[in-house]
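Each remark here refers to the structure printed beneath this line.
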Amino acid sequence: MLEFRVDQVFAGYGAEPVLRDLSLQIPAGRVTAIVGANGCGKSTLLRCLARLHHPHSGRIRLNNEDLRHSSTADFARSVGFLPQFPQAPVGLSVNALLVLARHPHRHWMARWSEEDEAARREALRLTNLSDMAGQPLERLSGGQRQRAWMAMMLAQSTPVLLLDEPGSMLDPGHQLELIALLRALADAGRTIVVVMHDLIAARHADWLVALDDGRLAACGSPTEVLNPLLLRQLYGIDSHILTAPDGTPIAVPVRPEDWPLPQALPLPRLKLNAPTGLQERHLVRLLAVLQFILLLDYMVLMPLGAELMRDFDIGPARFGLLVGVYTLASALTSLVGGRWIDCGDRKRTLLTLYAGFVVASLACGLAVEFGALLAARALAGACAGLMSATMMAMIADRIEPERRGQAIGTIMSAFGVCAVIGVPSGLGLAALGGWRIPFFAVAALSALWWLRLYQALPKSPPGAGAGRGSLRSPALAFGWLLSFGIVFAGFLIVPYLGAHLNGTLGVGLRDLSWIYLCAGLATFAAARGVGRAVDRCGAARVLALLMVASMVPHLWLTWLQPGPLWQTTLVFVLFMVLTSTRAIPASVWLIGRVPPPLRGRYMTVNTASTEAASGLAAWCAGLMTGGNGALLHHFERVGWLAAGVTFLSLGLLAALNRVGAATGGALTRKPADQRTPVCEAES
Ligand SMILES: Nc1ncnc2c1ncn2[C@@H]1O[C@H](COP(=O)(O)OP(=O)(O)OP(=O)(O)O)[C@@H](O)[C@H]1O
């Protein structure tokens, strides 16, 4: 058995020594671990023991023989050295490495002996590499490669092994295997010296050598050496020393309280002013105006509710039908037309639908009886539903996920602009010339914007809509259900706001314009903020927050009794802001869960789902409120229902998020053809 003695060694790479006056003993037939902070000289000491680095002064002896005087061949047969970062030529197999390892034992003319073969097999067996013997090293993982180098050390059959961090890349199982192997080798009489950082593994050594800045800080058994004072000296850390079941000490490092926390600079935020940002902003602006016109057509009807009910002599239920038919038609055509939307160029599709919408708006203004108005609203809804889905698909095709919140926020801020400028101007026109004027105005505006889109809207990127695949996934279907719930809750109340404010709360048409103005301004500001928050904090988190908050005005507004105008305005604004901005995180969240090839069709069905929700909600609320003329009854019940549906939707969101996270993990293991078509889920 061989032991090392190191006497007053100074060693280093320049004028300043790394090892300073180092004296220590490395016992024979034992496992000795060298520990210490980065750069304290552990590898330098190991290289000195391996005769690869010569001390400036002092001496190192192996069994009383000065290393400087031992023969190279004898030393190679006695001491094996595994450096921290061993290198091998490309293509060298594990087997070839083991053949090289036997070199010191073979005469240059000698054939591969039985002894060599036995050493090779034994090395492969002990490192669990028999199956990989033919593999080139570069095809092995980091840990497998480390085991191959360990096999090389074993094949050398030297009585001394010097190992520099041999287990740094091993998994816990292979690390335990390595420790057991080192123990077995030491028990069989070999002297093992191993550099390690793992203080938990270090407890398995027989002997610890602790270096501090090139000097010996301590040596002895792990129980003697591992103590908080020494660890503080070596690493500047606090520690707890626990006792393992086998009685050995486990050092648990603890970050000292006085250490300053590292501060990382935040990543620069991606802005829309990148080269592609110009095109993106252009597209977003074009679609935002289009969204404004669609919303104007839809929203202007609601504050005209009281007037329409009086003019056509209909109750809230039939007015609910008037609102609902738009959304139901939109839902039906979205269901039927999904595949068509994905087939051709999206610009052409959008313009075709938009032409139908212009005709429908005109027909609304011209309607002389309730049936004609109903049919015109149905046509407008049918076109608008497919247009919304096409717009969302265009956004998804062209705008990166990290900027979608802002893009969709901008498009949806059209709601605020619509409430600020559109609806009050529409109502102003209605106050001057009756309810038909706003529809004529919408038709004229639509015709103008049709021309602008024809001229400026970019064509869809090649293959953007050519998606194949199945939408039949529970995860996707529940996404639609979530959209349904969110929209259903809002639209139980939204269509009756005009009637509620005007009929029940006694707000005049002029005041109504002001209230819509305030709500529009607030929504406009909030939509853009919510879009930015979505990009920064994640869509699911923002959506959950808005859903919880929106339950308050759902109840408050529907319970509200006639009172001061400021109070009505406040509740109304709160309601509009919290209810309408929920659509921003909801859309971003949904789009993010759908693989790109399925987006167009998915969003069409989603539009169908939301339109069906708004139509059904308007109809349900109409039935619940009953009453005659413009007066609503039991509107507070609608508020309770809205809050309840929001609460259930919140639960669904939480469940989907959990399932999404689990599915995301499963995606990597399932074969491609079995994958659930959910590509990303937010935490
Ligand atoms: N080839 C070299 N040339 C010059 N300086 C070197 C060389 N190798 C190591 N050093 C220096 O010697 C010092 C000790 O290095 P050494 O590799 O022995 O540290 P170590 O304790 O093994 O560190 P680690 O835990 O990070 O592996 C370091 O400051 C290092 O910069």
Side-chain angles (χ1 to χ4, degrees), residues 4-26 31-60 62 67-68 79-88 142-143 145-147 149-150 153 160-170 175 178-179 182 191-205 207-220 222 225-226 229-239 251-256 259 262:
F4 282 104
R5 275 179 187 278
V6 177
D7 291 317
Q8 297 173 327
V9 162
F10 284 81
Y13 305 90
E16 192 63 20
V18 172
L19 301 180
R20 302 147 199 255
D21 195 16
L22 192 64
S23 297
L24 54 92
Q25 187 185 352
I26 288 173
V31 178
T32 298
I34 305 178
V35 296
N38 288 136
C40 71
K42 301 181 295 295
S43 299
T44 304
L45 171 60
L46 212 62
R47 287 171 59 79
C48 288
L49 297 179
R51 263 188 23 163
L52 293 170
H53 195 80
H54 299 294
H56 302 323
S57 64
R59 65 177 178 168
I60 302 176
L62 181 61
L67 291 193
R68 286 172 296 189
V79 179
F81 171 67
L82 178 62
Q84 198 172 0
F85 303 109
Q87 303 291 329
R145 218 173 291 177
Q146 223 168 19
R147 277 156 51 205
W149 287 108
M150 192 61 208
M153 297 300 293
V160 177
L161 292 180
L162 305 175
L163 310 169
D164 201 344
E165 299 187 37
S168 58
M169 291 183 208
L170 300 185
Q175 231 174 26
L178 175 70
I179 288 166
L182 298 183
T191 302
I192 315 284
V193 186
V194 53
V195 169
M196 58 169 64
H197 284 293
D198 184 350
L199 294 179
I200 295 180
R203 77 184 201 275
H204 295 290
W207 193 250
L208 278 191
V209 171
L211 293 188
D212 180 23
D213 199 15
R215 292 191 175 84
L216 183 68
C219 64
V225 172
L226 290 177
L229 267 180
L230 179 80
L231 298 183
R232 178 55 118 147
Q233 179 192 343
L234 296 186
Y235 305 106
I237 56 167
D238 290 339
S239 58
V252 181
V254 180
R255 186 189 165 81
W259 275 14

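Just so you know, ligand 1 is whichever comes first in the structure, and atom 1 is the first atom listed for that ligand.
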Starting from [atom], which protein heavy atom do you reach first, and at what distance in Å?
atom                    : result
atom 2 (C) of ligand 1  : Tyr13 CD2, 3.5 Å
atom 17 (O) of ligand 1 : Ser43 CB, 3.5 Å
atom 25 (O) of ligand 1 : Lys42 NZ, 2.7 Å

**Asp238/Arg255 ion pair, N-O < 4.0 Å** = no
**Request:** Measure Asn38 to ligand 1 on non-hydrogen atoms and call it side chain, backbone, both or neither using the 4.0 Å cut-off.
**Result:** both
Pairwise distance [atom1]([X]) to [atom2]([Y]) - rounded to 0.5 angstrom:
X      : Y      : atom1 : atom2 : result
Arg203 : Ile179 : CZ    : CD1   : 7.5 Å
Lys42  : His197 : NZ    : NE2   : 4.0 Å
Arg47  : Leu52  : CZ    : CG    : 5.5 Å
Leu230 : Arg232 : CG    : CZ    : 12.5 Å

**Prompt:** When you look at CZ of Phe85, are more than 12 heavy atoms from neighbouring residues, nucleotides or ligands closer to it than 6.0 Å?
**Reply:** no
**Asked** Does atom CD of Gln8 have more than 12 heavy-atom neighbours from other groups under 6.0 Å away?
**Response** no
Distance under 4.0 Å to a non-hydrogen atom of [X]: what atoms of ligand 1 satisfy this?
X      : value
Val18  : 12 (O), 13 (C), 14 (C)
Gln84  : 27 (O)
Thr44  : 14 (C), 15 (O), 16 (P), 18 (O)
Glu165 : 27 (O)
Ala37  : 21 (O)

**Prompt:** Any heavy atom of His197 sitting closer than 4.0 Å to ligand 1?
**Reply:** yes
**Request:** Check if Gly36 has a non-hydrogen atom at a distance under 4.0 Å from any atom of ligand 1.
**Result:** no
**Message:** If we count only non-hydrogen protein atoms and require a distance under 4.0 Å, does atom 27 (O) of ligand 1 qualify as touching the protein?
**Reply:** yes
**Asked** Within the structure, does Gly39 bring an N/O atom to less than 3.5 angstrom of an N/O atom in ligand 1?
**Response** yes
**Item:** Close N or O approach (Cys40, ligand 1; < 3.5 Å)
**Value:** yes
**Prompt:** Okay, side chain of His53, backbone of Gly12: is any donor-acceptor separation there less than 3.5 Å?
**Reply:** yes
**Minimum heavy-atom distance between Pro222 and Ala205, given as atom pair plus value** = CG-O, 3.2 Å
